[in-house]
J.: 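This structure is in structure tokens; I'll ask about it shortly.
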Amino acid sequence: MKPVLIVNPRSGGGKTGKVWEEMRPAVERALGAAEILHTERSGHAIDLAREAAEAGAELVVAVGGDGTFNEVAGGLMLAKKDARIGMIGQGTGGDFRKTLGLEHRLDKYLEALASKKERTLDVGLLSYAAEGEKTETRERYFVNITSVGMGGLVDKYVATASRAAGGKAAYFGASLKALVNSARGRLRCTVTHEGETRDVTLSAIMIAICNGQYFGSGMHVAPMAKPDDGIFEVVSMDAPSKLGFALRSGKIYKGEHLKDETTTHLRCSKIVLRLENADVADRFLLDVDGEPLGGLPATITCVPKALVLRA
């Protein structure tokens, strides 16, 4: 069966939709005739990928950013079929492809897809509290990083920000607003690693549960993370003040934040996060592969070697 390409025309600030027809001949020269599907809404790639796999597709390729790859991976996980996943990166951040060591060039993505070389990927399964709901629990898969705290607040503000001045300006404005309105969470964590479970209490402005190394357009939050070892690297970040957190945030791009005494690093295959100071729940939100979801409590479990990546 011919490969299925799921194209997010809004990725890369809308650039993908503008250049796709120029890209298509090169894609089809490398991969042969392909079925091309375009997303029309948030979450659409989940449905398209699931349907493609259930219909027998052997290779489903995400053409877009980290969010598009997340959705395609989630759809394949739901399908429970043997379809391979592929990537043609077209987003603004490209955080997960950096962990994978993929060069950001169309010919290199196509070379990887055509080579039929494969590697396994772990996938995270997130069970979380739906935003605005006290009792409803939902599930979502992720491949790169789930964070909770300030990152989720940034996502929330980005989703409602005006793009008149461009995507980078919207992200910068949302980050400033999130910093002002961010809150320190007191968290009770139940951590499982190598068959042993223990309770840990953390105070943090942001916690990242990492399958990949990068998030937030290049922040090297977990340099030690490997997406195929069955382990999450959990990085909890705090600071004496919001200004102090902002001043230290630059260290994350170099991975130097791990040396700070206010940073805590844990390893686990499963973690349960509960927020003790419920009064900050509306400002201590989830960021899942760059997309806003809900909040705590949340249970995050590593599903080892769940997908096969053509790369």
J.: For a quick test of reading the model, state the closest non-hydrogen atom pair linking Leu59 to Gly86 and the distance between them.
T.: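 Result for this residue pair: CD1-N, 4.1 Å.
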J.: Going through the distances and angles, do Tyr141 and Asn70 end up as a side chain to side chain donor-acceptor pair (under 3.5 Å)?
T.: CA-CA 7 Å; Tyr141 291 100; Asn70 166 285; over 6 Å; no
J.: About how many Å separate CE of Met206 and OG of Ser249, when rounded to the nearest 0.5 Å?
T.: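 Between Ser249 OG and Met206 CE, I get 8.5 Å after rounding to 0.5 Å.
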J.: Find out whether Val63 and Asn8 are in side-chain contact, i.e. whether some heavy atom of one side chain is under 4.5 Å from a heavy atom of the other.
T.: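 Not in contact.
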J.: Quick one, Ile231 and Lys226 - any side-chain contact, counting heavy atoms below 4.5 Å?
T.: no
J.: Taking Lys81 first and then Glu54, would you say they form a salt bridge - that is, a charged N and a carboxylate O separated by under 4.0 Å?
T.: no
J.: Counting N and O atoms only, with roles assigned by atom type, does the side chain of Asp95 sit under 3.5 Å from a partner on the main chain of Gly216, one being a donor and the other an acceptor?
T.: yes
J.: Are the aromatic ring centres of Phe215 and Phe142 under 6.0 angstrom apart?
T.: no
J.: What's the separation between atom CG in Leu307 and atom CG in Asp82, rounded to the nearest 0.5 Å?
T.: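 Nearest 0.5 Å value for the CG-CG distance: 10.5 Å.
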J.: Can you find a pair of side-chain heavy atoms, one from Leu48 and one from His38, that are under 4.5 Å apart?
T.: no
J.: How far apart are the closest heavy atoms of Val191 and Cys268, and which atoms are they?
T.: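 Closest approach of Val191 to Cys268: CG1-CB, 3.4 Å.
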J.: Go through it in stages, so that I can follow the logic: the residues are Asp260 and Lys251, the test is salt bridge (Lys or Arg N to Asp or Glu O under 4.0 Å), and I'd like the CA-CA distance, side-chain angles, deciding distance and then a yes or no.
T.: CA-CA 10 Å; Asp260 288 343; Lys251 293 183 177 181; 3.1 Å; yes
J.: Test Arg84 against Glu58 for salt bridge (Lys or Arg N to Asp or Glu O under 4.0 Å), laying out the working first.
T.: CA-CA 6 Å; Arg84 272 45 178 163; Glu58 297 177 359; over 6 Å; no
J.: Is a donor on one side and an acceptor on the other found under 3.5 Å between the side chain of Glu233 and the backbone of Arg267?
T.: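 Such a contact is absent between Glu233 side chain and Arg267 backbone.
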J.: Do Met224 and Leu100 belong to the same hydrophobic cluster, where Ile, Leu, Val, Met, Phe, Trp and Tyr are linked whenever their side-chain heavy atoms lie under 4.5 Å apart, directly or via other members?
T.: no
J.: What closest approach, in Å, do Ala208 and Val221 show between heavy atoms, and which atom pair accounts for it?
T.: CB-CG2, 4.1 Å
J.: Just wondering, do Gln213 and Pro227 contact through their side chains at under 4.5 Å, heavy atoms?
T.: no
J.: So, Thr39 side chain and Arg41 main chain: donor-acceptor pair closer than 3.5 Å or not?
T.: no
J.: Applying side chain to side chain donor-acceptor pair (under 3.5 Å) to Arg248 and Thr263, what does each step give before you reach the verdict?
T.: CA-CA 11 Å; Arg248 294 181 183 184; Thr263 297; over 6 Å; no
J.: Ring centroids only, cut at 6.0 angstrom: are Phe96 and Tyr214 within range, meaning strictly under it?
T.: no
J.: According to a hydrophobic-cluster definition based on side-chain heavy atoms being under 4.5 Å apart (Ile, Leu, Val, Met, Phe, Trp, Tyr only), do Val148 and Phe232 belong together?
T.: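 They do share one cluster, since a chain of ILVMFWY contacts under 4.5 Å joins Val148 to Phe232.
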J.: Main chain of Arg188, side chain of Asp199: is a donor-acceptor contact present, judged purely on distance under 3.5 Å?
T.: no
J.: Taking atom types as modelled and ignoring hydrogens, do the side chains of Ser11 and Thr16 form a donor-acceptor contact shorter than 3.5 angstrom?
T.: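 Distance-only check passes for Ser11 and Thr16.
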J.: Within the structure provided, determine whether Leu76 and Val60 are in side-chain contact (heavy-atom separation under 4.5 Å).
T.: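 They are in contact (side-chain heavy atoms under 4.5 Å apart), so the answer is yes.
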J.: If you count heavy atoms of other groups shown closer than 6.0 angstrom to NZ of Lys242, is the number above 12?
T.: yes
J.: Do Arg184 and Asn277 meet the criterion of a side-chain donor-acceptor pair at a distance under 3.5 Å?
T.: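 Result is no, nothing qualifies.
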J.: Checking side-chain contact (heavy atoms from CB on, under 4.5 Å) for the pair Met150/Leu179: CA distance, chi angles, key distance, verdict?
T.: CA-CA 7 Å; Met150 184 177 162; Leu179 179 63; 3.8 Å; yes
J.: Rounded at 0.5 Å granularity, tell me how far CD1 in Ile271 sits from CG in Leu266.
T.: 6.5 Å
J.: According to a hydrophobic-cluster definition based on side-chain heavy atoms being under 4.5 Å apart (Ile, Leu, Val, Met, Phe, Trp, Tyr only), do Met77 and Val4 belong together?
T.: yes
J.: List the steps and the verdict of side-chain contact (heavy atoms from CB on, under 4.5 Å) for Tyr109 and His104.
T.: CA-CA 7 Å; Tyr109 289 122; His104 187 43; 2.9 Å; yes
J.: For Gln90, which of Thr68, Val7, Val19 qualifies under side-chain contact (heavy atoms from CB on, under 4.5 Å)?
T.: Val19
J.: Classify the side-chain pair Arg198/Thr190 by whether it contains a donor and acceptor separated by less than 3.5 Å.
T.: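 No - no donor-acceptor pair under 3.5 Å links their side chains.
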J.: Quick one: does Trp20's side chain get under 4.5 Å of Val27's, heavy atoms only?
T.: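 The answer is yes; the side chains approach within 4.5 Å.
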J.: What verdict does the side-chain contact (heavy atoms from CB on, under 4.5 Å) test give for Met237 and His257, after you've listed the backbone C-alpha separation in whole Å, the side-chain angles of each residue and the deciding distance to 0.1 Å?
T.: CA-CA 8 Å; Met237 292 165 279; His257 60 294; 3.9 Å; yes
J.: Which pair of heavy atoms, one from Asp122 and one from Pro304, lies closest together, and at what distance?
T.: OD1-CA, 3.3 Å
J.: Do Thr192 and Thr197 get their side chains close enough for a donor-acceptor pair, meaning under 3.5 Å?
T.: yes
J.: Between Lys2 and Glu35, does any side-chain N to carboxylate O distance fall below 4.0 Å?
T.: no
J.: Flag yes if Leu78 and Leu126 sit in one hydrophobic cluster, no otherwise; membership is Ile, Leu, Val, Met, Phe, Trp, Tyr, and two members link when side-chain heavy atoms are under 4.5 Å apart.
T.: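 No, separate clusters.
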J.: Does Ile145 reach the side chain of Ile209, with side-chain heavy atoms less than 4.5 Å apart?
T.: no
J.: With a 4.5 Å cut-off on side-chain heavy atoms, are Arg50 and Ile46 touching?
T.: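 No, every pair of side-chain atoms sits at 4.5 Å or beyond.
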J.: Could you tell me whether a side-chain N or O of Lys305 sits under 3.5 Å from a main-chain N or O of Asp228, the two making a donor and an acceptor?
T.: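 Confirmed, Lys305 side chain pairs with Asp228 backbone.
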J.: Taking atom NZ of Lys98 as the centre, does the number of heavy atoms from other residues, nucleotides or ligands within less than 6.0 Å exceed 12?
T.: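 Counting other residues, nucleotides and ligands, NZ of Lys98 exceeds 12 neighbours.
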J.: Got a donor-acceptor contact below 3.5 angstrom from the Asp289 side chain to the Gly67 backbone?
T.: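 Side chain of Asp289 to backbone of Gly67, a donor-acceptor pair under 3.5 Å: no, none is there.
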J.: Could you walk me through whether Leu113 and Val61 pass side-chain contact (heavy atoms from CB on, under 4.5 Å), step by step?
T.: CA-CA 9 Å; Leu113 290 169; Val61 180; 4.0 Å; yes
J.: Would you say the side-chain atoms of Asp287 pair up with the backbone N or O of Ser147, donor to acceptor, closer than 3.5 Å?
T.: no
J.: Look at the side-chain heavy atoms of Ile, Leu, Val, Met, Phe, Trp and Tyr, link any pair under 4.5 Å apart, and say whether Leu102 and Ile85 land in one connected group.
T.: yes
J.: Counting only heavy atoms from other residues, nucleotides and ligands, does the tally under 6.0 Å from CD of Glu21 exceed 12?
T.: yes
